[in-house]
Amino acid sequence: MYMYAVTILVSLVFLHILLKLWFPYFVPEFLYVLKTIAFGLRMSKYKKKQPFYTILDCFLDAVKRTPSKPFIIFENRTYTYMDVDKQSNKVARALRTHTSLKEGDTVALFLGNEPCYAWVWLGLAKIGCATALLNCNIRSKSLSQCFSCSGASVLIVAEGLKDVVEEILPALLEQDIAVLILTKGCDTAGMMSLLDKFEEASDEPVSAALRSAVSRKSPALYVYTSGTTGLPKAAVITQERLWAATFIQSLAGVTSKDIFYINLPLYHSAGFSIGFAGAIEKGLTIVLRRKFSASQFWDDCRKHNVTVIQYIGETMRYLCNTQKKADDRDHRVRLAIGNGIRADVWKEFLNRFGSIQVRELYAATEGNIGFMNLSGKIGAVGRVNYIQRKIFPYLLIKYDTEKEEPVRNSEGLCVEVLKGETGLLVSKITEKAPFNGYARNLQQTEKKRLRNVLQKGDLYFNSGDLLRIDEDNFIYFQDRIGDTFRWKGENVATTEIADILSMVDCIKEANVYGVRVPGHEGRIGMAAITLKEDKQFDCSSTFSHVASYLPAYTWPRFIRIQSQLDITGTYKQKKVKLVDEGFNPAAIEDPLYILNEREKSYIPMTQKTYSLIASGQMQL
Ligand SMILES: *[C@@H]1O[C@H](CO)[C@@H](O)[C@H](O)[C@H]1NC(C)=O
Ligand SMILES: *[C@@H]1O[C@H](CO)[C@@H](O)[C@H](O)[C@H]1NC(C)=O
């Protein structure tokens with residue numbers, strides 16, 4: 001008996017060593033598969049429930065289980081699960097009484113990070129309404145455009161954004177939109193105050209009958225994305241899809257005991273779906289911050305015993321750029337979930353702040369595929385997993401960056417890249433991996449669908465992202481294609497910026513693109529423009545136009561004046577060459593300008609400025 005046990009033990013140890021040697025990533029990947037299967041089983045159980053078991057139901061169960069557990073900690077105030085539940089009952093009741101909202105309607109929320117975000121969303125869910133999460137930095141034309149593409153009939157506005165909404169109010173009222181502001185009174189005609197109505201309302205639960213038709217395919221959210229083309233669009237996040245996003249916390253190993261720090265905007269999928277909705281799924285405590293602050297970050301973590309943080313590449317870099325302190329490793333953070341961290345920053349982060357497990361992931365708001373780095377390979381977003389690929393088929397195909405389209409062979413089919421080569425990620429659209437598209441925008445939805453990839457008649461989701469898979473099957477994010485680029489964690493749609501620029505009096509045409517800056521993630525905005533005949537470049541009026549119509553992260557930081565814009569054979573504006581040429585005055589003969597916030601103008605770009613930027617002495 002004893003010998004038998006020893007034999008088993010020895011074999012197990014031996015097997016373990018062999019696995020480590022031959023398949024160093026076996027254990028995390030096996031866990032990944034197990035978790036995926038467990039999640040799939042849970043989903044199929046929910047699907048059978050009538051009505052569908054939603055994140056809201058999951059929240060209500062958490063309230064029953066742990067009513068007095070802190071749910072949201074914000075600026076020294078703590079709101080328990082029960083507090084938030086009661087607040088959301090008030091929201092639901094006030095909206096039923098004072099508006100004509102009913103199940104199936106959509107409400108747009110124009111609000112920054114604050115606890116109210118949680119109860120307004122939950123309150124709307126309680127009356128069966130979907131919420132469109134407007135980016136609180138957008139203004140004027142973009143705001144109107146984003147609002148109307150969601151199909152919302154009601155707009156709820158933060159107190160601090162009143163002026164911004166007043167600017168577009170006449171157009172909203174013309175379309176019969178109810179505009180509600182989160183204040184206790186309001187003297188603007190056409191706007192109704194909401195806080196006073198919440199306060200009057202009872203905090204008793206509303207009847208579940210108000211949401212009885214919600215199914216797994218009902219929209220829960222609309223999240224704006226510039227996708228890879230054109231103006232921002234509202235990606236439809238169905239109830240089922242929202243569940244899938246919450247799965248990321250489970251996959252990363254978050255538990256109900258964790259304290260989760262959200263400093264990313266709640267209007268993005270990362271903050272809302274992965275952070276906030278994921279927290280509900282786990283029943284954990286959130287520490288919510290209005291805005292990311294590098295100097296406050298670790299103090300917040302220490303003060304609240306934070307164990308899990310969320311990041312984007314930029315936030316990790318900002319943290320590494322702060323002054324070194326003796327207590328840098330004095331915290332309880334064990335896990336970081338996010339995307340866009342660069343390998344060098346990743347290493348520096350771990351060296352400086354201690355052994356935190358970084359779970360780098362790749363996923364698009366509207367996409368139907370995602371990866372996560374579970375084994376901790378620096379720089380990778382994940383690893384090819386045989387089972388995942390069987391269930392969710394995807395591949396990397398050859399892409400022609402000049403023509404901006406996939407390479408096709410003589411039979412008209414796409415060509416898979418070889419190991420180690422960069423290719424466009426496409427993933428098969430199936431019942432299990434649906435692509436829900438964009439609200440009221442069939443044309444853009446269709447653009448993300450790619451047909452005849454491996455066989456005539458097949459259908460794939462075009463991610464618009466270039467990835468690479470190495471010899472060891474690790475997956476790396478390389479770049480984003482098309483008409484958008486990322487800067488400071490936000491997607492910037494080039495055509496939208498070009499539209500705004502061409503409204504400036506002196507500008508005839510504009511071609512906008514993103515250029516890389518040493519020491520920064522993503523790309524910064526740059527525009528090549530042509531001037532109207534007999535016009536000079538008006539530096540200060542261009543600046544004031546840009547500053548009043550566009551959020552700062554989208555501002556074209558460099559302007560290059562050309563006598564004519566390069567056009568490709570298909571009349572697409574030629575960007576690849578411009579992007580490569582960048583903003584070095586030594587390499588470009590055209591007049592070159594840089595935006596200067598202090599002078600509220602564009603000023604000529606000099607070689608000295610260029611060196612300061614290139615050496616990292618001047619931050620953009
Ligand atoms: C953090 O943890 C310490 C030690 O367990 C505890 O004394 C302290 O009260 C905790 N702080 C908070 C805000 O929970
Ligand atoms: C995931 O991240 C860790 C660091 O936490 C790294 O060591 C590991 O190799 C990464 N795994 C993959 C598959 O990228």
Side-chain angles (χ1 to χ4, degrees), residues 55 58-88 111-122 246 248-266 270-312 315-316 318-320 322-338 349-359:
I55 292 284
C58 183
F59 170 77
L60 294 173
D61 282 341
V63 175
K64 265 188 227 144
R65 218 168 44 235
T66 53
S68 52
K69 178 171 179 167
F71 177 33
I72 299 174
I73 298 173
F74 180 78
E75 297 182 350
N76 295 323
R77 283 202 63 182
T78 298
Y79 304 85
T80 64
Y81 272 84
M82 189 164 64
D83 294 338
V84 174
D85 185 38
K86 287 190 168 166
Q87 288 292 339
S88 62
L111 180 66
N113 279 14
E114 50 180 287
C116 179
Y117 215 101
W119 50 78
V120 171
W121 182 73
L122 288 162
T246 68
I248 289 171
Q249 285 199 20
S250 295
L251 205 54
V254 179
T255 74
S256 64
K257 294 201 184 71
D258 279 306
I259 312 280
F260 196 103
Y261 187 52
I262 299 185
N263 55 63
L264 302 180
L266 287 172
F272 194 96
S273 308
I274 301 177
F276 173 70
I280 292 178
E281 192 271 333
K282 286 270 154 293
L284 53 71
T285 301
I286 295 168
V287 175
L288 180 68
R289 223 194 131 86
R290 214 175 271 282
K291 247 190 164 148
F292 169 80
S293 153
S295 61
Q296 294 299 305
F297 192 93
W298 295 108
D299 288 339
D300 276 352
C301 292
R302 276 186 282 270
K303 183 168 167 200
H304 301 292
N305 293 336
V306 167
T307 55
V308 185
I309 60 175
Q310 245 188 320
Y311 68 85
I312 52 172
T315 57
M316 293 301 233
Y318 296 150
L319 291 174
C320 289
T322 55
Q323 278 281 312
K324 284 206 168 76
K325 288 193 189 151
D327 60 358
D328 274 347
R329 284 164 175 253
D330 172 20
H331 59 76
R332 299 182 181 196
V333 176
R334 62 178 190 92
L335 208 57
I337 305 174
F349 181 82
L350 295 180
N351 275 338
R352 170 121 177 240
F353 299 107
S355 64
I356 297 170
Q357 294 186 19
V358 179
R359 294 282 182 252

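Order of listing sets the numbers, starting from 1, for every ligand and every atom in it.
Nearest to atom 4 (C) of ligand 1 among the protein's heavy atoms is Arg332 NH2, 3.1 Å. Protein heavy atom in closest approach to atom 2 (O) of ligand 1: Asn305 ND2, 2.4 Å. The protein heavy atom nearest to atom 13 (C) of ligand 1 is Lys303 O, 3.3 Å.
Tyr318 and Phe297 have their aromatic ring centers separated by at least 6.0 angstrom.
Every side chain to side chain contact (heavy atoms under 4.5 Å, CB included) that Arg290 has, sequence neighbours left out, goes to Phe74, Glu75, Glu114.
Atom 11 (N) of ligand 1 is flagged as protein-proximal [any protein heavy atom, distance under 4.0 Å].
Contact of the Gln249 side chain with the Leu284 side chain is registered, since non-hydrogen atoms from C-beta on lie closer than 4.5 Å.
Taking the six-membered ring where the residue is Trp, Tyr117 and Phe272 present tilted rings, their angle falling between 30° and 60°.
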